[in-house]
Amino acid sequence: MLRWLPNIISYTRIALVPLVFGALLDARFGLALMLFVAAGFSDGLDGFLARRFRWHTELGAILDPIADKLLLIATFAALASVGVVPMWFGMIVIARDLIIMGGAITYHFVVGDLEGKPTLVSKLNTMLLLLYVLVVLINAAGMLPAAVPGELLTDGLQAVLLVSLTVSTIDYVRTALRGARLTGSQV
């Protein structure tokens, strides 16, 4: 009866994207942090409901990753544009997500249906991206304890993310090529 609930939660997360984006552009980092945490919580909630009650739908399989990508792309675009995140780093994160989305669309039309099952590497990368954004927002909102060196922490996470982004991108490409070979497609 409530099978549609995870999809509504994903739509709500998509609706939060422009609010997070606007709060970041207005340098309202505390508000952006609260909205980002709410979006992150909604991601966990819709996934939990879909798994726990087997409320999986084809629409949900598409909506959930789109909502995640939109949130991360908008967040990094805004953080880079206001100078909280280095522009080059924001561009790397955004370019990677756009390449993956473009690759998924191409795969769908050239090879066939894409099984959207995230790998352990991609889950780890997403977790690190979310952690990075949380730390950056907490630091920008002035909420880090004085004893915690905010820039050192964000720079360290940034270095780890560069490795993670590279490894997960290679993993996406390798997984797509393996899937194409199994279907006999020439990619």
Side-chain angles (χ1 to χ4, degrees), residues 3-25 31-53 55-81 84-85 89-108 113-138 157-158 160-173 175-176 179:
R3 186 174 180 82
W4 50 267
L5 189 56
N7 293 348
I8 295 299
I9 294 170
S10 289
Y11 280 125
T12 302
R13 188 162 66 259
I14 292 169
L16 286 173
V17 170
L19 299 176
V20 171
F21 187 75
L24 289 170
L25 290 182
L31 175 61
L33 175 63
M34 289 188 320
L35 293 169
F36 191 83
V37 167
F41 177 77
S42 77
D43 186 26
L45 180 61
D46 72 359
F48 168 78
L49 292 173
R51 283 186 304 277
R52 173 71 172 91
F53 299 107
W55 291 342
H56 300 275
T57 64
E58 285 184 39
L59 177 61
I62 295 168
L63 276 181
D64 185 60
I66 287 174
D68 295 344
K69 294 294 183 203
L70 288 174
L71 179 64
L72 284 173
I73 288 170
T75 299
F76 273 93
L79 287 170
S81 72
V84 175
V85 166
F89 186 68
M91 297 296 284
I92 287 172
V93 173
I94 292 167
R96 175 194 170 270
D97 276 352
L98 291 175
I99 288 167
I100 289 171
M101 288 170 49
I105 292 167
T106 303
Y107 186 97
H108 174 75
D113 288 340
L114 179 66
E115 188 167 326
K117 199 170 188 177
T119 65
L120 182 61
V121 172
S122 70
K123 286 181 179 185
L124 175 63
N125 184 71
T126 300
M127 183 198 68
L128 289 170
L129 282 167
L130 295 174
L131 176 64
Y132 177 79
V133 170
L134 286 174
V135 170
V136 165
L137 289 176
I138 290 168
L157 280 170
Q158 203 171 7
V160 170
L161 264 169
L162 286 172
V163 172
S164 173
L165 289 163
T166 303
V167 170
S168 70
T169 302
I170 291 167
D171 185 55
Y172 270 108
V173 170
T175 302

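When reading the values below, keep in mind they use all heavy atoms of this one structure, side chains included, and skip hydrogens, waters and symmetry mates. For the single chain, residues carry numbers from 1 onward in sequence order.
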Looking only at non-hydrogen atoms, find the nearest pair between [X] and [Y] and report the distance.
X	Y	answer
Pro6	Ala50	CG-N, 4.0 Å
Ile9	Ser42	CG2-O, 3.3 Å
Ile62	Pro65	O-CD, 3.3 Å
Gly90	Ala80	CA-CB, 4.3 Å
Ala176	Tyr107	O-CE1, 3.3 Å
Lys69	Met101	CB-SD, 3.7 Å

Got a second to check how far [X]'s [atom1] is from [Y]'s [atom2], nearest 0.5 Å?
X	Y	atom1	atom2	result
Phe21	Leu25	CZ	CG	4.5 Å
Leu120	Asp171	CG	CG	9.0 Å
Leu16	Leu35	CG	CG	6.0 Å
Ile94	Ile99	CD1	CD1	12.0 Å

message: Set out, in order, the CA-CA distance, both residues' side-chain angles and the distance that settles side-chain contact (heavy atoms from CB on, under 4.5 Å) for Leu161 and Asn125, then state yes or no.
response: CA-CA 7 Å; Leu161 264 169; Asn125 184 71; 4.0 Å; yes
- prompt: Taking atom types as modelled and ignoring hydrogens, do the side chains of Arg96 and Ser168 form a donor-acceptor contact shorter than 3.5 angstrom?
  reply: yes
query: Are side-chain N/O atoms of Asn7 and Thr57 paired as donor and acceptor at under 3.5 Å?
result: yes
- request: Look only at the side chain of Arg51 and the backbone of Gly47, and say whether a donor-acceptor pair between them is shorter than 3.5 Å.
  value: yes
field: Side-chain (Ser81) to main-chain (Ala78) donor-acceptor, under 3.5 angstrom
entry: yes
query: Are Leu24 and Val84 close enough, and set up right, to give a side-chain contact (heavy atoms from CB on, under 4.5 Å), and what steps lead you there?
result: CA-CA 9 Å; Leu24 289 170; Val84 175; over 6 Å; no
query: Could you walk me through whether Phe89 and Tyr132 pass the ring-ring contact (aromatic ring centres under 6.0 Å, His included) check?
result: CA-CA 12 Å; Phe89 186 68; Tyr132 177 79; 5.2 Å; yes
task: Apply side-chain contact (heavy atoms from CB on, under 4.5 Å) to Asp97 and Leu72, showing your working.
output: CA-CA 9 Å; Asp97 276 352; Leu72 284 173; 4.1 Å; yes
For Val136, the option from Leu157, Thr75, Val85 that meets side-chain contact (heavy atoms from CB on, under 4.5 Å): Val85
Sole residue of Leu128, Thr126, Val133 in side-chain contact (heavy atoms from CB on, under 4.5 Å) with Leu130: Thr126
message: Under the salt bridge (Lys or Arg N to Asp or Glu O under 4.0 Å) definition, can you give me all pairs with a residue in residues 33-46, not counting sequence neighbours?
response: Arg13-Asp43, Arg13-Asp46
Verdict with reasoning, Phe53 to Leu5, per side-chain contact (heavy atoms from CB on, under 4.5 Å): CA-CA 11 Å; Phe53 299 107; Leu5 189 56; over 6 Å; no
